[in-house]
A.B. asks: 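Below: one structure in structure tokens.
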Protein chains: 2
Amino acid sequence: MTKALERREKLRVDLIQAAEQMIAERGLAGLKTRDLAREIGCANGAVYNLVADVDELVLRVGSRTLLRLDEALSAAEGAGAPSPQATLIRIAIAYCDFAAENLELWRALFEHRMAADKPLPDWSINDQLQLFRHIYQPLAALFPERSPEELGITARSLFSAVHGMVALGLEQKLVAVPLPALRKEIANLVHAMIDGLIGRAEQKGSAAAD
Amino acid sequence: MTKALERREKLRVDLIQAAEQMIAERGLAGLKTRDLAREIGCANGAVYNLVADVDELVLRVGSRTLLRLDEALSAAEGAGAPSPQATLIRIAIAYCDFAAENLELWRALFEHRMAADKPLPDWSINDQLQLFRHIYQPLAALFPERSPEELGITARSLFSAVHGMVALGLEQKLVAVPLPALRKEIANLVHAMIDGLIGRAEQKGSAAAD
DNA sequence: ATATTTATTGAACGATGTTCAAGATCGCTG
DNA sequence: CAGCGATCTTGAACATCGTTCAATAAATAT
């Protein structure tokens, strides 16, 4: 019984790769089951033997995108660390660059919405939470007195702020921003946010001494 | 010929209001032309006498949402102004509150995407640019030496950062954040961003004196 | 009142996600 | 290796969409 399952697995991998390429080329809205079936050489109905529905397919592609994003952020934090500030800025720039280079796949991560009655599977939620990890460590170095809970909240806030700048910056709806200008803006505002957070922490800490 | 056009106009208003209510109740994906037609009492084909297509309908609803958002932000900046910093924070909180209270309509502003070959009409683009106006004035008070271009860029960055925090904060995908905690986080990070921007501006300005 | 212009209708079209009975294929056993 | 039961695959069919259009009804002009 191995032969059948092997073929199934190979087809499933092909399907997810084809879906990834299709989203990258035509956007999430351009993903069609019939085109996918033709691409991997099977009947359109067969797609539902490999995957429960299109939602799962999009989530599986998203999982791959998140993995590559994770690698890109790891590479950014890996290279020599002059200071936690510099590391955080490099991570933010790496996030921007990844989004620009994988525009449609990155958008698909946030554009996709499940039906209200079918929530995200756990494995998908877990994928997403891994991202904050990259920001957590430099933040912990900057604010050693903060609790893990506080650091987690701050990490999510920082990530969300950078995400917003990238999301609206890469949007063609508004005035198109040249990528170098966007990178500069992000570096500048991240630097300001960190400086501001440090300043406010010192102010707070010294209040007892006054 | 007034009778026919009057009826047409009334129907068009009804249509947009019905679409607004439908998006608010069922989300952008729940907007269906046949349901709309039944709601306003006409044939489904008649919808296309009132509006070119669903894209235009969504944009018209978006225009109304942006108008109400504009009013909410104006109200936030209007109330007594202790300092530009405090005003910016109030605006950010107002943005967060508006998004929370008008969740589906606010989401529709950013979820909706036009087909690649049909760009946004000018009137819709203009609607969106008005938003930065609210941030521009307090920023100009904080950084009088900056050029209008620089201020515009900073205003967009600040707006985008807050937008990102609200967008990911209200997302049910990740861990649900209680609204009061989100408001507190936004106030904190906006404060930090402004402090940081001021600090970096001072540093830069005094560099010549070093 | 009649003719001409215009608006409205709702059936039909094409696309799309999903299902399912019928047929093809596979894996095991005698 | 032949045959049989289980399983997989197929592609036609279904339900829903947005959108179009010839026919009908209404409104306006003469």
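To find a chain, count down the sequence lines: A is the first, B the second, and so on, and within it residues start at 1.
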A.B. asks: For R8(A) and dT9(D), give me the distance from atom CZ to atom P, rounded to whole Å.
C.D. replies: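 Between P of dT9(D) and CZ of R8(A): 6 Å.
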A.B. asks: Would R200(B) and N188(A) count as having a side-chain donor-acceptor pair, cut-off 3.5 Å?
C.D. replies: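 Yes, side-chain donor-acceptor contact under 3.5 Å.
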A.B. asks: Between dT8(C) atom P and I40(B) atom CD1, what is the distance in whole Å?
C.D. replies: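 After rounding, the gap between these two atoms is 10 Å.
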A.B. asks: Whole-Å distance between dA27(D) P and R7(B) CZ?
C.D. replies: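 Taking atom P of dA27(D) as the reference, CZ of R7(B) is at 8 Å.
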A.B. asks: With sequence neighbours excluded, tell me which residues meet salt bridge (charged side-chain N to carboxylate O under 4.0 Å, His left out) with E20(B).
C.D. replies: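 Counting only residues at least two positions away or on another chain, E20(B) forms a salt bridge (charged side-chain N to carboxylate O under 4.0 Å, His left out) with R64(B).
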A.B. asks: Which residues pass the ring-ring contact (aromatic ring centres under 6.0 Å, His included) test with F159(B), sequence neighbours left out?
C.D. replies: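 Testing F159(B) for ring-ring contact (aromatic ring centres under 6.0 Å, His included), a comparison that skips the adjacent residues, returns Y95(B), F132(B).
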A.B. asks: Give every residue pair that meets the side-chain hydrogen bond (donor to acceptor under 3.5 Å, both in side chains) criterion with at least one member in residues 142-153 of chain B, sequence neighbours excluded.
C.D. replies: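 Every side-chain hydrogen bond (donor to acceptor under 3.5 Å, both in side chains) pair that includes a residue of residues 142-153 of chain B, provided the two are not neighbours, is R146(B)-T154(B), S147(B)-E149(B), S147(B)-E150(B).
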A.B. asks: Round to a whole Å and report the spacing from CG of L36(B) to C1' of dG10(C).
C.D. replies: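 Nearest whole value for this atom pair: 17 Å.
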A.B. asks: Between dG10(C) atom P and R38(B) atom CZ, what is the distance in whole Å?
C.D. replies: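 In whole Å, dG10(C) P lies 13 Å from R38(B) CZ.
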A.B. asks: Determine which pairs satisfy salt bridge (charged side-chain N to carboxylate O under 4.0 Å, His left out) with at least one residue from residues 37-62 of chain B, sequence neighbours left out, and list them in order.
C.D. replies: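 For residues 37-62 of chain B: D35(B)-R38(B), E56(B)-R60(B).
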A.B. asks: The criterion is ring-ring contact (aromatic ring centres under 6.0 Å, His included); which residues satisfy it with H163(B), sequence neighbours excluded?
C.D. replies: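 Listed in chain order: W106(B), F110(B).
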A.B. asks: So if I define the base as every atom that isn't primed, P, OP1 or OP2, how would nucleotides 16-24 of chain D read as a B/S/- string at a heavy-atom cutoff under 4.0 Å?
C.D. replies: -BBBB----
